[in-house]
Amino acid sequence: MLLTLGHSLETLKFGGVTRAVILSVTHIGVSAIAALAITQVLTLDAKIESVIILLCFMPPSVATYLAISQHQPDEADGVAGFIFVSTCLTLVTLPIVLTYWATG
């Protein structure tokens, strides 16, 4: 799976990167809304809330790319770009989120 993702990232076009950035920023926003909604609605221990926040902000998996490449090969490059940009954004946003939000 990682080899096929790497090959797709090698041939990634700039149009795919623009769309990937928009989708990745949207992913971060939806993650924040989901984490906020879950932690506010449910009465949970602080450690469990931190785990929920961590899971909400994780990037999409490579298995997503593999499924798309098999069933919709025309969209595979865009999904590879989304996974790449989302993973890079996670390296920046996750430490900030875990430091300031999930302090349980």
Side-chain angles (χ1 to χ4, degrees):
M1 287 190 296
L2 289 175
L3 290 174
T4 56
L5 178 65
H7 173 71
S8 181
L9 287 175
E10 179 185 1
T11 60
L12 188 64
K13 308 289 187 279
F14 278 109
V17 173
T18 304
R19 183 176 176 196
V21 168
I22 293 170
L23 288 173
S24 297
V25 170
T26 304
H27 178 259
I28 297 295
V30 169
S31 297
I33 292 169
L36 183 65
I38 292 171
T39 57
Q40 293 298 316
V41 170
L42 301 175
T43 306
L44 300 170
D45 186 45
K47 289 182 182 180
I48 295 174
E49 284 183 2
S50 296
V51 170
I52 289 172
I53 292 168
L54 174 69
L55 290 175
C56 285
F57 279 92
M58 293 305 291
S61 69
V62 177
T64 304
Y65 172 75
L66 184 62
I68 292 296
S69 67
Q70 287 179 351
H71 299 290
Q72 294 180 343
D74 296 337
E75 299 292 327
D77 289 338
V79 172
F82 169 61
I83 292 171
F84 175 73
V85 173
S86 183
T87 301
C88 291
L89 275 178
T90 298
L91 294 174
V92 174
T93 58
L94 197 58
I96 295 169
V97 167
L98 290 177
T99 299
Y100 293 109
W101 189 2
T103 57

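Basis for what follows: all heavy atoms, side chains included, without hydrogens, waters or symmetry-related copies.
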From [X] atom [atom1] to [Y] atom [atom2], the distance as rounded to the nearest 0.5 Å:
| X | Y | atom1 | atom2 | result |
| --- | --- | --- | --- | --- |
| L36 | Q40 | CG | CD | 5.0 Å |
| Y65 | Q70 | OH | CD | 10.5 Å |
| C56 | I33 | SG | CD1 | 11.0 Å |
| I83 | L23 | CD1 | CG | 11.5 Å |
| L54 | E49 | CG | CD | 13.5 Å |

Can you check side-chain contact (heavy atoms from CB on, under 4.5 Å) on M58 and L94, steps first, answer last?
CA-CA 8 Å; M58 293 305 291; L94 197 58; 4.0 Å; yes
Are [X] and [Y] grouped together when hydrophobic residues (ILVMFWY) are joined by side-chain heavy atoms under 4.5 angstrom apart?
| X | Y | value |
| --- | --- | --- |
| I28 | I22 | no |
| L66 | F84 | yes |
| L98 | F57 | yes |
| V79 | V30 | no |
| I52 | V97 | no |

Give me the atom names and distance for the closest heavy-atom approach of P95 to T99.
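Heavy atoms only, the tightest pair is O-OG1, 2.6 Å.
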Could you tell me whether a side-chain N or O of S24 sits under 3.5 Å from a main-chain N or O of S86, the two making a donor and an acceptor?
yes
Please step through side-chain contact (heavy atoms from CB on, under 4.5 Å) for the pair V21 and L89, ending with a clear verdict.
CA-CA 9 Å; V21 168; L89 275 178; over 6 Å; no
Sub-4.5 Å side-chain heavy-atom contact between [X] and [Y]:
| X | Y | value |
| --- | --- | --- |
| H27 | F82 | yes |
| I38 | I53 | no |
| W101 | I96 | no |

